[in-house]
Each structure stands twice: as structure tokens, then as C-alpha cells.
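As the structure is a computational prediction, the values presented were derived from the model and not from experiment.
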Amino acid sequence: MRSAAAGVAAAAAVALAALTALTGCSGSAPAPTSGSASSPAAGPTFAIDQDFADPDVIVHDETAYAFATNTPGFLVRSATSTDLRHWTVSETDALTVLPGWAQPGRTWAPDVAEVSPGSFVMYLTAQDAASGRQCIGTATSTTPGGPFVPASETALVCPVDAGGAIDAATFRDDDGSLHLLWKTDGNCCGLDTWIETAPLAPDGLRLTGAPVKLLKQDRAWEGALVEAPDLVKRDGVYVLFFSANDYGGDDYAIGTATGSSLTQPFTSQERPFLTSASHAGTFHGPGGQNVVSFRGKDWLVFHSWDDSYAYRGMLVRPLTWDGATPHLG
């Protein structure tokens with residue numbers, strides 16, 4: 001996912017709005033914030049109403065920790081919540097400093113995983129100084145909210161010939177094995193984009209196998225790219241959520257694909273899972289999604305442009321399942 005340079009100046013001036021209510025007992029969608037119109041045509045109702053794009057959420061000891069793409073003055077934004085409705089956006093950076101291989105300005109779509117008790121790894125996208133491509137590196141912390149410190153002076157995933165790599169995401173399988181997913185950034189230079197995966201070492205700091213190609217853009221609605229993978233497993237089926245098309249407008253959308261193993265390609269659904277028009281214009285270019293389990297329920301965390309297309313705020317919506325088929329509440 002791309003950092004919205006055109007919107008960052010406006011985003012810096014946007015205050016954190018009063019947040020919406022998530023009904024824990026019923027799983028209903030948040031109600032509009034004070035002063036917002038109740039009609040779906042009024043636009044998105046944000047959980048974090050400021051620039052907080054490409055959100056990733058980890059839950060630890062009943063607290064949710066969210067991380068997002070850089071904004072002015074921050075390498076990685078972060079926020080916390082104890083109920084998924086009231087969020088406190090941190091005034092300190094979740095990442096202490098960029099790793100030695102990276103250049104400042106494009107730190108995108110972080111993912112944080114607890115690789116072992118009390119050991120947390122952040123997988124961050126940044127610009128590789130040597131090649132100019134986006135690549136993925138690691139940082140570590142002993143607490144879920146950071147601060148995170150670079151773990152290596154070299155990138156973990158940096159396929160320069162494929163255009164680089166962005167949008168890291170972790171997945172833990174039923175056997176306890178940890179896997180990393182990412183998108184090859186081929187649309188930077190006229191190449192295909194692929195969502196790939198590879199197994200991780202127990203400490204989360206190195207790959208232990210060759211990448212496997214799971215999915216590339218092959219549907220008309222996807223445009224020139226697929227990106228932002230997020231993987232879950234339901235009833236023995238791997239369900240991959242992804243974003244596709246141009247992040248900068250209403251064509252951006254969320255899709256799903258399924259697979260029977262992590263060693264062969266997945267099959268995407270013919271139609272997107274969530275589009276700008278899915279809920280009567282409630283969203284503007286929804287994407288950057290993350291499935292989060294919180295207090296026995298699943299939720300979809302994602303971003304959308306505000307009505308003026310100046311920044312991408314964070315939304316939280318209930319997610320239910322019919323077997324391996326997801327439904328947004």
C-alpha cells in the first residue's frame with residue numbers, strides 16, 4: 001500500500017474524533033460519532049479519525065495495539081484500546097530509528113507479532129538505500145507497544161528484480177509454525193505483483209524456506225496489482241484477505257482468496273469482498289485490512305479515505321463466518 005503524500009499535510013491537522021460504539025454483545029457496527037449524519041451516504045465513521053493507514057492490530061493481555069504507516073514526524077504510528085472503540089493515539093514513535101539499510105520517508109504497513117512469550121517482532125516496509133526499492137526488515141521489542149529497535153542491518157525480504165517487497169503480514173498455522181506473507185512490488189516497474197509466503201524461524205528474524213507464490217492480479221476489478229495480504233484459517237481452509245487496484249481512490253477494494261495449503265497458489269473470488277459501493281458509499285477505497293480476534297469475536301480493521309480524500313482513517317467492523325466464507329457486519 002502506498003503512503004499518501006498528498007494527504008499528509010492535511011492529516012497532521014486532523015484531530016482525533018470522538019469514537020464510535022462497538023456493541024460487544026451483538027457485534028453490531030459502530031454508531032456515528034457526535035455530529036455525524038446517520039445516513040450511510042455521510043461517509044466513513046472512523047475508529048481513529050486521522051491519518052492512520054494500513055492498520056495492523058495485535059491483542060495482548062486484553063489490550064489492542066494498532067500500528068500504521070508513517071505520518072509527518074513519525075516512522076510508525078501506534079495507538080491502544082481496551083475495547084476497540086476508544087483509541088489513544090501515541091505521541092511517541094513506535095520505531096526508535098530506521099535500520100541501517102533503509103532511507104527515511106516511506107515506512108509503510110508495519111506488522112507486529114509475538115513470536116514467543118515476551119518477544120515481539122515488527123516487520124516494516126522501508127526504502128532500501130542501495131536499490132531505491134521498498135523492502136521489508138525487522139525490529140524487536142519486549143513489550144507489544146514498543147518502542148521497537150532494528151534487529152538487523154540487512155533487509156529480511158528484498159527481491160529487487162521483482163520490484164521490491166511491501167506489506168508484510170504474519171500467520172501462525174495450526175501446528176504452531178510461523179509464516180511471513182508479503183507483496184512483490186512489481187507495479188513500480190511494469191511487472192506482475194505477487195502475494196508470496198515463506199516460513200519463519202522461531203525467533204521470527206529469518207526465513208527458513210523459499211518463497212511460494214500464492215496470488216497475483218488476475219481479476220478485472222484488481223487493476224494492476226494485489227497487495228496487503230492478511231491470512232486466517234477457517235474449517236481447514238486458508239482464507240487470504242487482500243487489497244487491490246489503485247489505493248488513491250474509490251477503485252481500491254478488499255478481496256478474498258482461498259487455498260488448501262501454503263505450498264500452492266490460491267484462488268481468488270470473482271467479486272471483491274468490500275468496495276466503496278458495498279455499503280451505499282460508506283467507504284472510500286477500503287483496504288489495508290487486518291482480521292483481529294478480540295474477546296471471542298472477529299473484527300475487520302481497515303482504512304478508508306475521509307470524504308475529502310485528505311487522509312485515511314481506521315475503521316473497525318464485526319466479521320462473521322459461514323464456514324470459510326466471511327461476512328462483514
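- Within 6.0 Å of atom CZ in Arg295, more than 12 heavy atoms from other residues, nucleotides or ligands are found, so the atom counts as buried in its surroundings.
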### Task
Decide yes or no on side-chain hydrogen bond (donor to acceptor under 3.5 Å, both in side chains) for His327 and Thr325, but give the supporting numbers first.
CA-CA 7 Å; His327 300 279; Thr325 301; 5.6 Å; no
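- Phe273 is connected to Leu315 through a chain of hydrophobic side-chain contacts under 4.5 Å among Ile, Leu, Val, Met, Phe, Trp and Tyr, so both are in one cluster.
- In the model, Thr71 has no side-chain atom that pairs as donor or acceptor with a side-chain atom of Asp51 under 3.5 Å.
- Shortest non-hydrogen contact noted between Ser276 and Asp250 is OG-O, 2.9 Å.
- Between the side chains of Trp321 and Asp298, at least one donor N or O sits under 3.5 Å from an acceptor N or O.
- Counted by atom type alone, Ser243 and Gln289 present one or more donor-acceptor pairs between their side chains at under 3.5 Å.
- Aromatic ring pairs are classed by plane angle as parallel below 30°, tilted from 30° to 60° and perpendicular above 60°; the pair Phe266 and Tyr238 is tilted.
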### Query
Could you go step by step and tell me if Phe46 and Trp87 meet the side-chain contact (heavy atoms from CB on, under 4.5 Å) rule?
CA-CA 11 Å; Phe46 293 116; Trp87 290 85; over 6 Å; no
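- With Gln134 as reference, Ile166 is the one residue of Ile166, Thr107, Asp128 to meet the side chain to side chain contact (heavy atoms under 4.5 Å, CB included) rule.
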### Message
Between Arg317 and Phe302, does the side-chain contact (heavy atoms from CB on, under 4.5 Å) criterion hold? Intermediate values first, please.
### Response
CA-CA 9 Å; Arg317 294 291 187 273; Phe302 59 103; 3.9 Å; yes
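- Between Leu75 and Asn70, the shortest heavy-atom distance links the atoms O-CB, 3.2 Å.
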### Task
Go through His284 and Asp306 one step at a time and tell me if the side-chain hydrogen bond (donor to acceptor under 3.5 Å, both in side chains) criterion holds.
CA-CA 7 Å; His284 304 305; Asp306 73 311; over 6 Å; no
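- The side chain to side chain donor-acceptor pair (under 3.5 Å) test with Asn290 singles out one residue from Asp54, Asp230, Asp111, and that residue is Asp230.
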Under 3.5 Å, which donor-acceptor pairs link side chains of residues 113-124 to any protein atom two or more places apart or in another chain?
| residue | atom | partner | partner atom | Å |
| --- | --- | --- | --- | --- |
| Glu114 | OE1 | His60 | ND1 | 3.4 |
| Glu114 | OE2 | Gly118 | N | 3.1 |
| Tyr123 | OH | Gly204 | O | 2.6 |

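- Asp61 and Thr63 form no side-chain donor-acceptor contact under 3.5 Å, judged by distance and modelled atom types alone.
- Listed by first then second residue, pairs satisfying side-chain hydrogen bond (donor to acceptor under 3.5 Å, both in side chains) with a partner in residues 149-158 read Ser152-Thr154, not counting sequence neighbours.
- Taking a 6.0 Å sphere around CD of Glu270, one finds it holds 12 or fewer heavy atoms contributed by other residues, nucleotides or ligands.
- The pair Lys216-Asp192 counts as a salt bridge, with a side-chain nitrogen and a carboxylate oxygen less than 4.0 angstrom apart.
- Within a 6.0 Å sphere centred on CG of Asp161, other residues, nucleotides and ligands contribute 12 heavy atoms or fewer.
- Remark: Asp174 pairs with Lys233 by the side-chain hydrogen bond (donor to acceptor under 3.5 Å, both in side chains) rule, at least two apart or across chains.
- Under the 3.5 Å distance criterion, with hydrogens and angles disregarded, no donor-acceptor pair is assigned to the side chains of Asn187 and Thr193.
- Listed here is the closest heavy atom pair of Val237 and Ala324: CB-CB, 3.8 Å.
- Here the closest non-hydrogen pair linking Cys189 and Gly163 is SG-CA, 3.9 Å.
- Closest non-hydrogen pair, Gly73 versus Asp93, comes out as O-OD2, 4.1 Å.
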### Message
Checking Leu215 against Phe242 for the side-chain contact (heavy atoms from CB on, under 4.5 Å) test, could you report, in this order, the C-alpha distance in whole Å, the side-chain angles of both residues, the deciding distance, and whether it holds?
### Response
CA-CA 10 Å; Leu215 188 74; Phe242 63 94; 3.6 Å; yes
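- Pairing each heavy atom of Phe283 with each of Thr275, the nearest pair is CD1-O, 4.2 Å.
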